[in-house]
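Remarks on the structure that follows.
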Amino acid sequence: MWPLALCKPGEKVVVKDIAGGMGVRKRLESMGLYPGEEITVLSAQKGPVIVRVKGCRVGIGRGMAHKIMVAANGQKGEEAVNG
Amino acid sequence: MDKKQVIALAGNPNSGKTTVFNALTGTRQKVGNWPGVTVERKEGKVLLGNREVTVVDLPGIYGLTASSIDERIARDFLLTERPFLVAIVLDSSNLDRHLYLPLQLMELGVSRLVLILNMMDEARAKGLEIDVEGLSRTLGVPVVTTVANKRVGIEELKKTLARELEKEHQTSGFPFSYPEPIEKGIERLSEILKPHPPLSSSPHNTRWTALKLLEGDEEYLARVQNSPAKERILSLLTMVKEDLEAELGYDLETALVEARYGYIKGLVSEFVKRKGSLEQRLSMSDKIDKVVTNRFLGLPIFLFLMWLTFKLTFSVGGFFLDYIDALFGFLGEKAALLVHLVHGPPWLASLLQNGIIGGVGSVLVFLPNIFFLFLAISIMEETGYMARGAFVMDRLMHAMGLHGKSFIPMVLGFGCNVPAIMATRTLENPKDRIITILVNPLMSCSARLPIYVLFAGALFSAHQGTVIFSLYFLGVVLAILLARLFKTLFFKGEPAPLIMELPPYRLPTWKSVLLNTWQRSLIFVKKAGTIIFATVVLIWFLASMPLGVEYASQQSIIGGMGTFLAPILKPAGFGFWQAAVALFFGILAKEVVVGTLGTLYGTGEEKLGTVIAHQFTPLTAYAFMVMSLVYIPCIATIGVIRRETNSWKWTAFSVGYSLFLGWFLAVVVYQVGRLFL
Ligand SMILES: Nc1nc2c(ncn2[C@@H]2O[C@H](COP(=O)(O)OP(=O)(O)OP(=O)(O)O)[C@@H](O)[C@H]2O)c(=O)[nH]1
Ligand SMILES: [Mg+2]
């Protein structure tokens, strides 16, 4: 696991954990970003990180991108039971 | 308002709600290709069959937990005012995410829903084929497809809305349920909530409350705190949660979200067919983004675009200026001549020539500049660049103690500070928001543009571009420094994290860009016809009184007022009475500064610029421009600051600091400049 902020452009990763307040977590959830979801990193430079989540481009500030932990696609570990 | 007559438009930001609203009601509310254009609720009327119905356009929301003011407005309207029918506007090309909100509303028990699958053109371009019928059947709600900006599907939408309004209420069997263990947990919790009406007004509501408690929603937890059964509910909640997490093997919050999105995924794979390759290639927008948000190219591109805006506004706009100026001069003379010919009273000739045409005309000549400024801003808004600007500027904004989202109100401030300050509603953190509001008037709005063009043209003819640019730049630098200062003085702490959606780039239609530009320019013209007109007539009157006094002389009433105020401005180098009254009345609207001078100086053959060139030196003119930039927000801006901060204290602070700073900087410019020149 490593923070989203350290990803390279083009990388496909799975969100593992989101630290931060309830408000931020809920906001990200409603934008489709939650633990278990696969995202594509579109741009990761000094500034904010841009990811593709559920077909939409979402920009995430550097500080926040350090609080989102991701892992390589595939080693999903405890996978979700979908409804 | 009859409840049965209200339809609310909800949906994710930038899904096209306002476009649908405009198409339904025939109004022209502002549309733009970035999330957060609409920040307040707007009402309009639509004729459905033979019945007039109210449609309410709302700010965009992603879910039902609101984190900023615009989102709260939308959510509260949906949850507490309970509109009779909710029409949700979705981006059909991204149903994976856009279906989340309707799902939440269904769970909440909002049963009268209509789904509007908007942006069908983009879905088709992506090769998506949507089984509308199937989706509608499974969800139990009507589904309509539209391309709102082309008005495709609007008639069908109207028919569907009319039909839904007529329908008797029917509880649709909502197909979605959570995995078995979670459902059991919800039931257990519901049992104990049932006898407590504030927490459960209806069976649906009980379920929703139970869900929210399991999710750990702070708002609902706070409600439990007020309940007499608080202890029992909370202890059961902990128990249910622990049991569930033990059974699932991970945290419940995630399990719930995952279940919802899992259901949506199922819907999409069943009803949306993708033609062509499944492989996700980089879209056009991604390619443009690679360049535009590039670490090295991003800032230069942004600065280039700003320079282009500037060029367009002043060079192309300026090209027309002389002609219009000549036209007004001609009109003024002819009007005076006409009054003379028909033996009208001399005061009427003076009112027409000096007051109205001299005053209002001196402002209206800047219409072309303002038109091109708004054209550039509209293009930025409609292509989708605005949101990128926020990204590129994020790092710089951090230096101000803010984040990228504050950038959008700043750019909008070049147009007009009033909507710019309203746009701060999308900022999640109230502290960030107040700082952004306080420094916004430092962005040179379009009303200050006439002052700059007039003075720079009169006294810096060779370098007028540079001079005007320096004023815009000064405003930005002051905003940065003051934001930093206010942050350390009053608002310590981190800004809220930046989370912002980047819309796809869209090629705007000329029609929509021009319409948008025209509408804003029209506001300028209307202002010229109302507040500027009224002020100018007042100034003319004060300049002609007492009876028999020489027009616009120091002995007139206005001359007396100006003479009284002028000493304050003496240290800044422009301590003559005309400048004093111009600045004084300029508080009403900054265009009035030019309007006042036009009324007072517009007497002779000479053009306004020539008179100014006589009265001012380049140094005092520059000091005057600096003062005009900073000295006070106009009345309309003060009003909106008061409303948006909801505090007289911050309003007074904003007025106070800018008055002092404006005067102080003007004095510094003059006194320091005098040492060198
Ligand atoms: N291609 C396409 N573009 C559309 C369609 N409907 C709206 N747009 C564009 O999408 C953008 C967003 O439209 P708005 O109506 O401002 O969206 P909104 O949902 O009101 O946005 P917020 O007020 O920010 O929440 C604008 O640039 C519109 O021109 C459509 O059907 N197809
Ligand atoms: Mg809108």
Side-chain angles (χ1 to χ4, degrees), chain A residues 3-5 9-10 12 14-69 76-83, chain B residues 61-65 67 91 93-94 96-97 100-101 104 176-179 182 215-218 248-251 253-255 257-263 265-266 280 282 285-286 289-290 293-295 298 387 390-392 394-395 398 403-404 428 494-504:
Chain A
L4 176 63
K12 272 192 185 174
V14 174
V15 178
K16 283 288 159 186
D17 185 45
I18 302 174
M22 188 68 166
V24 180
R25 260 201 335 267
K26 279 268 172 299
R27 183 180 188 80
L28 287 171
E29 269 168 18
S30 55
M31 295 176 92
L33 207 132
Y34 54 91
E37 177 68 8
E38 186 188 89
I39 59 177
T40 312
V41 181
L42 293 175
S43 149
Q45 304 164 338
K46 267 240 167 81
V49 178
I50 303 176
V51 296
R52 196 204 316 275
V53 193
K54 296 200 183 284
C56 303
R57 262 171 301 265
V58 178
I60 298 169
R62 200 127 237 185
M64 190 62 219
H66 273 289
K67 294 187 189 160
I68 300 175
M69 301 305 284
K76 289 195 180 173
E78 355 86 331
E79 234 326 272
V81 203
N82 282 339
Chain B
I61 40 174
Y62 290 106
L64 294 175
T65 326
S67 43
D91 172 358
S93 62
N94 285 310
D96 271 315
R97 199 207 54 215
Y100 190 73
L101 180 70
Q104 289 262 288
F176 170 69
S177 59
Y178 291 95
I182 299 182
E215 256 182 291
D217 191 293
E218 277 147 7
L248 294 165
Y250 57 104
D251 77 292
E253 194 189 328
T254 309
V257 186
E258 221 158 11
R260 287 183 211 126
Y261 276 113
Y263 176 70
K265 238 175 230 168
Q280 273 208 1
L282 284 187
S285 294
D286 293 329
D289 267 348
K290 272 213 146 73
T293 63
N294 180 284
R295 179 176 162 192
F391 264 80
V392 172
D394 186 57
R395 271 162 75 198
H398 263 102
H403 70 54
E428 296 90 356
E494 281 295 293
L498 171 69
I499 299 167
M500 189 177 176
E501 196 182 345
L502 299 178

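Letters go in sequence order (proteins before strands), and every chain restarts at 1. Below, each value reflects all heavy atoms present in this structure, side chains not excepted, and no hydrogens, waters or symmetry copies. Note that the structure is predicted; figures quoted are calculated from it, not measured.
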Atom group of [X] that falls short of 4.5 Å from chain A, counting heavy atoms:
{"X": "B/Thr65", "answer": "side chain"}
{"X": "B/Asp289", "answer": "side chain"}
{"X": "B/Pro503", "answer": "backbone"}
{"X": "B/Ser93", "answer": "neither"}

Checklist entry - Taking all atoms of both residues into account, what is the closest heavy-atom pair of A/Pro35 and B/Glu258, and its distance? => result O-OE2, 3.6 Å
Item to check | Which of A/Met64, A/Lys67, A/Glu37, A/Met22 touches chain B most, by non-hydrogen pairs under 4.5 Å | outcome: A/Met22
Next on the checklist: I need the residue from A/Gly63, A/Pro9, A/Gly21, A/Cys56 with the largest number of non-hydrogen atom pairs under 4.5 Å to chain B.
Outcome noted: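 When all of A/Gly63, A/Pro9, A/Gly21, A/Cys56 are compared, A/Cys56 has the most.
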Checklist entry - Is the shortest heavy-atom distance from the side chain of B/Met500 to the side chain of A/Pro48 under 4.5 Å? => result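 Not touching, per the 4.5 Å side-chain cut-off.
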Item to check | Min side-chain heavy-atom separation B/Lys290-A/Ser43 under 4.5 Å | outcome: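 Sidechains of A/Ser43 and B/Lys290: no contact.
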Checklist entry - For the atom pair CD1 (B/Ile499) and CD1 (A/Ile68), what is the distance rounded to the nearest 0.5 Å? => result 7.0 Å
Checklist entry - What distance separates A/Ile60 CD1 from B/Phe391 CZ, expressed to the nearest 0.5 Å? => result 8.0 Å
Next on the checklist: For the interface with chain A, which of B/Ile182, B/Val392, B/Thr254 has the highest count of heavy-atom pairs at distances below 4.5 Å?
Outcome noted: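 Sorted descending by pairs with chain A, the first entry is B/Thr254.
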Item to check | Qualifying residues under ring pair (Phe, Tyr, Trp, His ring centres under 6.0 Å), relative to B/Tyr261, sequence neighbours excluded | outcome: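 Applying ring pair (Phe, Tyr, Trp, His ring centres under 6.0 Å) to B/Tyr261 gives A/Tyr34, B/Tyr100.
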Checklist entry - A/Ile50 versus chain B, heavy atoms under 4.5 Å apart: side chain, backbone, both or neither? => result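 The side chain, not the backbone.
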Item to check | Salt bridge A/Arg52-B/Asp286, side-chain N to carboxylate O under 4.0 Å | outcome: yes
Side-chain donor-acceptor pairs of residues 23-31 of chain A under 3.5 Å, sequence neighbours excluded:
residue, atom, partner, partner atom, Å
A/Arg25, NE, B/Glu253, OE1, 3.4
A/Arg25, NE, B/Glu253, OE2, 3.2
A/Arg25, NH1, A/Gly20, O, 3.1
A/Arg25, NH2, B/Glu253, OE1, 2.9
A/Lys26, NZ, B/Glu215, OE2, 3.3
A/Arg27, NH1, B/Ser67, OG, 2.8
A/Arg27, NH1, B/Glu71, OE1, 3.2
A/Arg27, NH1, B/Glu71, OE2, 2.9
A/Arg27, NH2, B/Glu71, OE2, 3.4
A/Ser30, OG, A/Lys26, O, 3.2
A/Ser30, OG, A/Arg27, O, 2.9

